[in-house]
Undergrad: 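Attaching a single structure in structure tokens format; questions to follow.
Whatever order the structure lists them in is the order used to number ligands and atoms, beginning at 1.
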Amino acid sequence: MFIPTLERQCTSEQREKFLPLCYDYRIIGTYAQTELGHGTFLRGLETTAHYDPNTQEFILNSPTISSIKWWPGALGKTSTHAVVLAQLYTLGKCHGIHPFVVQLRSLDDHKPLRGITVGDIGPKMGFGPNDNGYLKLHKHRIPRTNMLMKYSQVSPDGTYTKPPRSTLTYGTMTFVRVLIVHGSAIALAKASTIAIRYSAVRRQSELRPGEPEPQILSYPTQQHKLFPLLATAYAFHFVQLAMMKIYTDVNDQINNSNFSRIQELHALSSGLKAFTSWVTNAGLEVCRMSCGGHGYSQASGFPRLYADFTPSCTYEGENTVLMLQSARYLVKCVRDARSGKTLPGTVSYLSEDVSAVHSGGSSGRDLSNLDFLISLYKQRASNQVHFASDKVDRGISAGMDLVGALNSASVHLVSAAKAHSHYFIAKTFVESLKLLKASSELQNVLHQLASVYVFEGIAQSSGDFIEDYILSGSEAKTIRQLAVDLLPLIRVNAVSLVDAFSFRDEVLQSVLGRYDGNVYENLFKWAQNSPLNKTDVHPSYHKYLGPLLKRNQSKL
Ligand SMILES: CC/C=C\C/C=C\C/C=C\C/C=C\C/C=C\C/C=C/C(=O)SCCNC(=O)CCNC(=O)[C@H](O)C(C)(C)COP(=O)(O)OP(=O)(O)OC[C@H]1O[C@@H](n2cnc3c(N)ncnc32)[C@H](O)[C@@H]1OP(=O)(O)O
Ligand SMILES: Cc1cc2nc3c(=O)[nH]c(=O)nc-3n(C[C@H](O)[C@H](O)[C@H](O)COP(=O)(O)OP(=O)(O)OC[C@H]3O[C@@H](n4cnc5c(N)ncnc54)[C@H](O)[C@@H]3O)c2cc1C
């Protein structure tokens, strides 16, 4: 995050000064924004940067215990520099959060500089090798030219020039949220690879006396756990490609001072980061549990994969908060649509009349047709967004201000943003396959994946579709059965579909997911290397167990 911030927020002179040092690994940096007391509420950050025109320096301080920077990756023992986000004060006025490059440690002996107190925040649930750290600043001076001034400036006499958009300072977070969508796709693909390969190797239970124990991958319940997640990993792969394309296009526009799509990008990246990381987080646990006891072993790779992935639901914007950000934009779009404005591409459906047509009993509609089902996802999203938006309007009519009305409708707003994200993902998956140049055999297999993703997505949220009369109960039941009917077809190619992710064993780090499937021998070998097995009799025996046993034996 240090380098992307410099690349996006430096003037050309600052780029020339700082970036070569980064690319050549002559300095190592972190992104120090979160504090002990604030991670979500950026305007509440307390670190200060007061400009001193006499020396043309900024004086950085951590004025309170809650202002100590806390969590930034590699801050504790590794980083020599940081981008520090601080409240800018110049000529007696506060101008809000701005980014500053701060050297933390000497490039000679790596010792912290004067006015800098840094350290590691202590053991965490995962990310063990990462020294997430703390930073306390005490009257630490940096040159004026260390404030990243691409968008806003402080002149030598202290005059402040404000940015074209205050939120341009938040740009790096948007970029990393887009990366996290990709990270979700990768993590879910890894977990699917481990679980499906192991399920092809593992044989368990005797269905009928005398019959060989079947592969657990042959059980419909095992397939129902794993194949929708496999399909989701493919869906997220195509979604992260689409998300990155939109990010690149909008970022190019921003670089040409066209800020017209910045809000749409923020809303989409926030919703997709939250949606994909939540779904992946839950999916990792399903994959682990589908591997029985061995899934709980470190040898499976699941404990580390989960512990390293799960914070992506929190960092880079806590997921609920990001869903609310997405929903806030959607409410704005409903208002714009009602006042006749044209909406941007990813939300244009909100101005269409997608009013639910009561499906009644046997509707005769083709419930296996993906284009038709995507139109139902659109209907569900539009209904949920309009419902939440109407709730906000009713709150205001009842005398609330906008903040109060948004807060009181926030549960529905999160549901609406989830439905919007889900529609975008399902639509993108289906549309991406249409554009894919692939053999008819491959198209057929991928169509099976898209189908099970779309069917299961409706089955798992059928309440949304039934409550709004988008589907009847019997239609929902039919779609649920369509998902189950697809499972044995996907079974044929399941191992090939995870092999296609091409994770090397060294990357997968899983005995259960080994490419050669040689699990048991390697589990036993792995166990031999356990530290506890260095000696047949563990030294602790002589200190604790031995005396205890002997003492009690003497009583017999
Ligand atoms: C095996 C493992 C596999 C994979 C692992 C997973 C992923 C790996 C891949 C990549 C990950 C790489 C690195 C990540 C690793 C760790 C690093 C983590 C770093 C961090 O966590 S950095 C700190 C992150 N912190 C946050 O995100 C803070 C969140 N809070 C906010 O953004 C703001 O406080 C918030 C909530 C938006 C509120 O802002 P504000 O107080 O200003 O109030 P408003 O809501 O009124 O907003 C005002 C206005 O601004 C608009 N806006 C807000 N944000 C943005 C934005 N980013 N861009 C554009 N516009 C924005 C908002 O919409 C409002 O506009 P409006 O007035 O409505 O027009
Ligand atoms: C592994 C890891 C790495 C990190 N790396 C970095 C880093 O490199 N740099 C950095 O600066 N930070 C980093 N962070 C910090 C991270 O960005 C914050 O933890 C994150 O932004 C969440 O903020 P918070 O911790 O204050 O949570 P809080 O905002 O306190 O969240 C707690 C609860 O409050 C709820 N909540 C908060 N605000 C609202 C609201 N407005 N409406 C409704 N509910 C709300 C949330 O939904 C959540 O349920 C990292 C964190 C982790 C875990």
Side-chain angles (χ1 to χ4, degrees), residues 1-2 4-5 29-45 47 66 69-75 79 82-85 96-97 121 124-128 130-133 135 165-191 240 250 254 259 261-270 273-274 276-277 280-281 284 301-302 304-333 402-403 406-407 410-411 413-414 503 507-509:
M1 292 189 69
F2 181 69
T5 304
T30 185
Y31 183 84
Q33 174 176 287
T34 301
E35 296 172 355
L36 257 178
H38 292 94
T40 288
F41 184 48
L42 295 188
R43 285 183 290 128
L45 292 176
T47 302
S66 53
K69 291 299 180 185
W70 199 272
W71 273 112
L75 172 61
S79 295
V83 165
V84 173
L85 282 297
I97 293 293
I121 63 170
K124 307 174 289 287
M125 178 177 173
F127 271 136
N130 192 326
D131 51 314
N132 297 82
L135 166 63
R165 287 282 195 297
S166 61
T167 51
L168 287 166
T169 307
Y170 297 166
T172 303
M173 291 183 280
T174 300
F175 173 60
V176 175
R177 289 165 191 160
V178 171
L179 292 183
I180 290 171
V181 177
H182 190 185
S184 299
I186 292 168
L188 194 52
K190 285 183 176 177
Q240 62 87 11
V250 175
I254 290 169
F259 306 110
R261 293 187 65 193
I262 196 169
Q263 278 302 301
E264 181 195 7
L265 173 64
H266 169 49
L268 184 66
S269 57
S270 295
K273 180 269 184 186
T276 60
S277 57
T280 296
N281 194 62
L284 297 187
F302 283 119
R304 175 158 185 192
L305 181 56
Y306 183 83
D308 285 358
F309 181 83
T310 192
S312 54
C313 296
T314 304
Y315 62 49
E316 221 51 71
E318 199 280 327
N319 279 0
T320 303
V321 170
L322 292 186
M323 278 297 185
L324 289 169
Q325 283 292 304
S326 182
R328 174 191 174 125
Y329 174 71
L330 297 172
V331 167
K332 227 154 86 40
C333 291
L402 177 61
V403 171
L406 284 168
N407 199 42
S410 53
V411 171
L413 287 168
V414 169
F503 290 115
V507 169
L508 208 51
Q509 291 283 306

Undergrad: Please confirm whether K190 comes within less than 3.5 Å of ligand 1 when only nitrogen or oxygen atoms on both sides are compared.
TA: no
Undergrad: With heavy atoms only and a cut-off of under 4.0 Å, state how T320 meets ligand 2: side chain, backbone, both or neither.
TA: side chain
Undergrad: So do the side chains of E35 and L42 get within less than 4.5 Å of each other, counting heavy atoms only?
TA: no
Undergrad: Heavy atom to atom 32 (O) of ligand 1, shortest distance: which of Q263, M1, R177, Q33 holds it?
TA: R177
Undergrad: Please name the residue in the list T169, V83, T47, L85 that meets the side-chain contact (heavy atoms from CB on, under 4.5 Å) test with Q33.
TA: L85
Undergrad: Closer than 4.0 Å to some heavy atom of G39 - which atoms of ligand 1 meet that?
TA: 28 (C)
Undergrad: Taking distance alone, with N or O pairs closer than 3.5 Å, would you say A187 contacts ligand 1?
TA: no
Undergrad: Based purely on interatomic distance, does E316 place a nitrogen or oxygen under 3.5 Å from a nitrogen or oxygen of ligand 1?
TA: yes
Undergrad: Given N130, L42, T167, which has its nearest heavy atom closest to atom 49 (C) of ligand 1?
TA: T167
Undergrad: Would you indicate whether R261, at its atom CZ, is surrounded by more than 12 heavy atoms from other residues, nucleotides or ligands within a distance under 6.0 Å?
TA: yes
Undergrad: Could you name the option among R43, Q240, M173 that has the heavy atom nearest to atom 26 (C) of ligand 1?
TA: M173
Undergrad: Closest non-hydrogen protein atom to atom 59 (C) of ligand 1, residue and atom name please, with distance?
TA: H266 CB, 3.5 Å
Undergrad: Which bit of E318 gets closer than 4.0 Å to ligand 1, counting heavy atoms only: side chain, backbone, both or neither?
TA: neither
Undergrad: Between L305 and ligand 1, which part of the residue brings a heavy atom under 4.0 Å of the ligand: side chain, backbone, both or neither?
TA: side chain
Undergrad: Determine, considering heavy atoms only, which of T314, N407, V84 sits nearest to atom 20 (C) of ligand 2.
TA: T314
Undergrad: Could you list the atoms of ligand 1 found under 4.0 angstrom from a heavy atom of V321?
TA: 36 (C)
Undergrad: Identify, with sequence neighbours excluded, every residue that meets ring pair (Phe, Tyr, Trp, His ring centres under 6.0 Å) alongside F175.
TA: Y247
Undergrad: Is T40 near ligand 1, meaning one of its heavy atoms is under 4.0 Å from it?
TA: yes
Undergrad: If you measure from each heavy atom of M1 to ligand 2, is any distance below 4.0 Å?
TA: no
